[in-house]
Asker: 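Take a look at the following structure, please.
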Amino acid sequence: MADEEKAGGCGVCAALLKQVDKAVGEYDRSAEVDARVKLRRHMRQIHGRELPLAW
């Protein structure tokens with residue numbers, strides 16, 4: 001499945017999910033948290049959705 005399909009067609013969400021996946025693959029927890037925070041903020045501000053904290 002393409003990143004944009006996973007992200008519901010949003011290019012910004014797709015790019016942020018790619019950053020999360022890359023950081024996880026590199027075991028870079030700092031970069032992973034940064035990308036997840038950016039994604040949560042984007043989802044809240046642009047899409048009006050709140051991702052659960054455990055995500």
Side-chain angles (χ1 to χ4, degrees):
M1 179 182 299
D3 286 332
E4 277 201 43
E5 286 178 31
K6 270 197 308 192
C10 177
V12 174
C13 288
L16 290 169
L17 285 170
K18 190 177 281 190
Q19 286 179 15
V20 170
D21 290 343
K22 181 177 183 255
V24 168
E26 294 175 352
Y27 301 100
D28 185 346
R29 297 301 175 225
S30 178
E32 179 186 352
V33 169
D34 289 346
R36 289 180 186 275
V37 167
K38 289 176 185 176
L39 182 59
R40 290 188 80 230
R41 285 182 183 160
H42 170 76
M43 289 296 291
R44 184 182 311 120
Q45 293 172 349
I46 303 302
H47 300 292
R49 281 189 52 211
E50 190 69 40
L51 292 176
L53 285 174
W55 185 88

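For clarity, every value in this text was computed on a predicted model and none was experimentally measured.
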Asker: So does Leu51 get a backbone contact from the side chain of Arg40, meaning a donor-acceptor N/O pair under 3.5 Å?
Answerer: yes

Asker: Atom CZ of residue position Arg29 - does it have more than 12 heavy atoms of other residues, nucleotides or ligands inside 6.0 Å?
Answerer: yes

Asker: Can you hop from Val12 to Leu39 via hydrophobic side chains spaced under 4.5 Å?
Answerer: yes

Asker: Got a second to check how far Met43's CE is from Arg36's CZ, nearest 0.5 Å?
Answerer: 13.5 Å

Asker: If the test is side-chain contact (heavy atoms from CB on, under 4.5 Å), which one of Val20, Asp28, Asp21 qualifies with Val24?
Answerer: Val20

Asker: Side-chain contact, heavy-atom cut-off 4.5 Å: His47 with His42?
Answerer: yes

Asker: Is the number of heavy atoms from other residues, nucleotides or ligands within 6.0 Å of CZ (Arg44) greater than 12?
Answerer: yes

